[in-house]
Amino acid sequence: MKPYQQLPIEFSILKQREFEQIRQFLYEEAGIFLSDIKKSLVASRLCKRLKETGYQNYGDYFEFVKNNLQHIEYHHFIDALTTNETFFFRENEHFDFVKQLIKDHSQKKSWQAWSAACSSGEEAYSLAMLFADILGIDGQWQVQGSDISQRVLAKAELAHYLLERNEGIGFERLQKYCLKGVGRQSGTFLIDDILKNKVSFFTMNLTQSCESVGMCDVIFIRNVMIYFDADSKQRVINNVIKQLKVGGYLFISHTESLMHVNHRLKQIKPSIYQRI
Ligand SMILES: C[S@@+](CC[C@H](N)C(=O)[O-])C[C@H]1O[C@@H](n2cnc3c(N)ncnc32)[C@H](O)[C@@H]1O
């Protein structure tokens with residue numbers, strides 16, 4: 001026999017009851033629905049938080065998060081359970097559409113674009129590059145980016161990316177709007193302040209009112225609704241559509257759908273809608 005030792009965190013097991021409590025909490029907080037097959041993913045992502053915070057089991061850790069919503073750990077918890085994959089000019093057809101839109105409305109006084117669920121900022125900066133290309137950097141346009149995760153927003157604010165992430169931007173835009181890292185920063189690039197200053201980032205939970213965004217001509221809400229169930233999707237779409245100007249366009253991902261969601265938008269293309 002050996003003396004009793006506490007199990008290392010790696011061996012702490014996420015009990016089914018704990019998983020269900022965590023799932024319910026995440027759903028209430030962010031509208032994100034985790035199916036049963038996500039249990040091991042949740043365990044492995046939260047395991048890192050357990051190590052970081054020193055909690056020995058998931059139950060105690062979750063109890064702390066749930067009872068301390070103002071604590072930074074609440075944000076780490078949300079961060080750990082969201083998926084933030086993104087890249088510049090993702091689903092390029094949408095950017096082609098916006099480009100044509102701006103050209104077709106060259107007399108329009110000003111443009112407001114919003115990248116809702118912008119992750120680390122690539123989508124918002126891609127939009128900004130497009131507006132700058134056509135209307136000039138000093139043109140009457142502005143891009144806003146929001147996300148529920150403070151961690152990804154900090155990256156967006158930093159605007160510092162790996163060079164390998166620049167696919168899609170194109171050499172000309174890299175020259176115009178980006179600075180290449182040298183020395184210790186080699187292998188990275190920075191969005192130049194001239195472009196960065198036209199983009200603002202802020203925390204926003206799309207399941208709650210989005211009024212502070214103001215009214216927008218273009219809204220990208222892409223690759224986030226896949227994590228929502230029908231009720232959350234409806235709630236989020238209601239909130240987001242309120243911020244779309246009449247005549248404005250809403251873009252969802254090609255892999256998403258607004259089927260079974262009530263809205264009064266006109267479908268222009270499979271993933272592009274207009275408020276009429
Ligand atoms: C996969 S990324 C999509 C990024 C970008 N829109 C794109 O298409 O490349 C999904 C983002 O949605 C955010 N998210 C998840 N639930 C959210 C919510 N309730 N409110 C706001 N953002 C949310 C996540 O933090 C994550 O950064």
Side-chain angles (χ1 to χ4, degrees), residues 22-35 38 41-42 45 69 74-95 97-98 113-130 143-159 161-162 165-169 199 201-213 216 218-243 249-258 261 270-272:
I22 288 171
R23 165 157 74 182
Q24 181 62 24
F25 181 70
L26 187 69
Y27 181 71
E28 284 162 11
E29 292 299 309
I32 297 170
F33 179 74
L34 300 169
S35 62
K38 294 280 167 63
L41 183 81
V42 169
R45 289 197 176 175
L69 301 185
Y74 167 79
H75 295 287
H76 291 321
F77 169 87
I78 297 281
D79 284 347
L81 297 179
T82 51
T83 301
N84 313 110
E85 168 66 9
T86 185
F87 46 92
F88 287 95
F89 291 93
R90 184 179 196 175
E91 300 185 53
N92 197 34
E93 307 87 90
H94 290 157
F95 294 96
F97 188 94
V98 175
W114 174 29
S115 164
C118 67
S119 188
S120 36
E122 287 88 333
E123 186 176 85
Y125 289 126
S126 302
L127 278 167
M129 288 181 196
L130 209 64
V143 176
Q144 301 185 86
S146 68
D147 201 281
I148 196 172
S149 161
Q150 294 188 345
R151 180 179 52 86
V152 289
L153 286 172
K155 281 191 188 172
E157 296 271 12
L158 209 59
Y161 301 99
L162 290 175
R165 306 286 299 173
N166 75 12
E167 272 171 45
I169 299 181
V199 186
F201 293 102
F202 49 91
T203 315
M204 177 162 280
N205 182 347
L206 298 171
T207 63
Q208 295 165 11
S209 165
C210 302
E211 265 173 35
S212 60
V213 176
C216 302
V218 168
I219 299 179
F220 275 38
I221 173 165
R222 307 186 311 161
N223 300 297
V224 58
M225 283 188 290
I226 30 168
Y227 306 111
F228 298 154
D229 70 350
D231 285 349
S232 305
K233 222 166 161 181
Q234 184 68 63
R235 204 154 22 121
V236 165
I237 284 296
N238 290 347
N239 291 337
V240 169
I241 283 176
K242 278 192 194 139
Q243 307 315 129
Y249 290 86
L250 181 99
F251 298 77
I252 64 171
S253 165
H254 289 94
T255 59
E256 294 165 321
S257 134
L258 291 188
V261 176
S271 55
I272 305 178

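First listed ligand is number 1; within each ligand, the first listed atom is number 1. Everything numeric in this text was worked out from a predicted model, so none of it was measured.
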Original post:
What residue and atom, counting heavy atoms only, is the protein's closest point to atom 27 (O) of ligand 1, and at what distance?
Top reply: Asp147 OD2, 2.7 Å

Original post:
Among protein heavy atoms, which sits nearest to atom 20 (N) of ligand 1, and what does the distance come to when rounded to 0.1 Å?
Top reply: Leu206 N, 3.0 Å

Original post:
Any donor and acceptor pair, going by atom type alone, linking the side chain of Asn223 with main-chain N or O of Thr86 inside 3.5 Å?
Top reply: no

Original post:
Among all protein non-hydrogen atoms, which one is nearest to atom 7 (C) of ligand 1, and what is the separation to 0.1 Å?
Top reply: Arg90 NH1, 3.3 Å

Original post:
So, for Leu127 and Ala113, which heavy atoms are closest and what is the spacing to 0.1 Å?
Top reply: CD1-CB, 4.4 Å

Original post:
Which ligand 1 atoms are under 4.0 Å away from a heavy-atom of Asn205?
Top reply: 18 (C), 19 (N), 20 (N)

Original post:
Backbone N or O of Thr82 within a donor-acceptor pair of the Arg45 side chain at under 3.5 Å?
Top reply: yes

Original post:
Nearest protein heavy atom to atom 19 (N) of ligand 1, by residue and atom, and its distance?
Top reply: Ala30 O, 2.8 Å

Original post:
Can you find an N/O atom of Tyr227 closer than 3.5 Å to an N/O atom of ligand 1?
Top reply: no

Original post:
Who's the nearest protein heavy-atom neighbour of atom 4 (C) of ligand 1, and how far?
Top reply: Ala117 O, 3.3 Å

Original post:
Which part of Asn223 is near ligand 1, with near meaning a heavy atom under 4.0 Å away: side chain, backbone, both or neither?
Top reply: both

Original post:
Given Asn84, Thr203, Val224, which one has a non-hydrogen atom that is nearest to atom 12 (O) of ligand 1?
Top reply: Val224

Original post:
Heavy-atom contacts under 4.0 Å between Asp79 and ligand 1: side chain, backbone, both, or neither?
Top reply: neither

Subject >> Which of the ligand 1 atoms, numbered from 1, are nearer than 4.0 Å to a heavy atom of Thr86 >> reply: 4 (C), 5 (C), 7 (C), 9 (O)

**OP:** Test Tyr125 against every option in Phe88, Phe87, Phe201, Phe95 by the ring pair (Phe, Tyr, Trp, His ring centres under 6.0 Å) rule and name the one that passes.
**Re:** Phe201

Original post:
For ligand 1, which atoms, with element, lie under 4.0 Å from some heavy atom of Thr82?
Top reply: 24 (C), 25 (O)

**OP:** Could you tell me which atoms of ligand 1, counted from 1 in the order shown, lie closer than 4.0 angstrom to a heavy atom of Ser119?
**Re:** 4 (C), 27 (O)

Subject >> Protein residue, atom and distance nearest to atom 2 (S) of ligand 1, heavy-atom basis >> reply: Thr83 O, 3.4 Å

Original post:
Ile32 to ligand 1: N or O pair under 3.5 Å?
Top reply: no

**OP:** Under 4.0 Å from a heavy atom of Ser149: give me the atoms of ligand 1 that qualify, with their elements.
**Re:** 25 (O)

**OP:** Using a 4.0 Å heavy-atom cut-off, say whether Met204 meets ligand 1 through its side chain, its backbone, both or neither.
**Re:** backbone

Original post:
For Asp147 and Ser119, does a side-chain donor sit closer than 3.5 Å to a side-chain acceptor?
Top reply: no

Subject >> Test side-chain hydrogen bond (donor to acceptor under 3.5 Å, both in side chains) applied to Glu123 and Arg90, His94, Arg222, the passing residue >> reply: Arg222

**OP:** Nearest heavy atom to atom 3 (C) of ligand 1 wins, so pick from Arg222, Met225, Glu256.
**Re:** Arg222

Subject >> Close side-chain approach of Glu256 and Ile221, heavy atoms under 4.5 Å >> reply: no

Subject >> Distance-minimising heavy-atom pair for Lys155 and Ser120 >> reply: CB-CB, 3.9 Å

Original post:
Which residue supplies the protein heavy atom nearest to atom 22 (N) of ligand 1, what is that atom called, and how far is it?
Top reply: Ile148 N, 3.3 Å

**OP:** Indicate yes or no: at least one non-hydrogen side-chain atom of Val213 is less than 4.5 angstrom from one of Ile219.
**Re:** no

Original post:
Should Gly31 be listed as contacting ligand 1, given a heavy-atom distance under 4.0 Å as the test?
Top reply: no

Original post:
Just checking, any donor-acceptor pair under 3.5 angstrom between side chains of Glu91 and Ser253?
Top reply: yes

**OP:** For Phe97, enumerate each residue passing the ring pair (Phe, Tyr, Trp, His ring centres under 6.0 Å) test, keeping only those at least two apart in sequence or located in another chain.
**Re:** Tyr249, Phe251

Original post:
Can any side-chain N or O of Lys38 pair as donor or acceptor with the backbone N or O of Phe33 at less than 3.5 Å?
Top reply: no

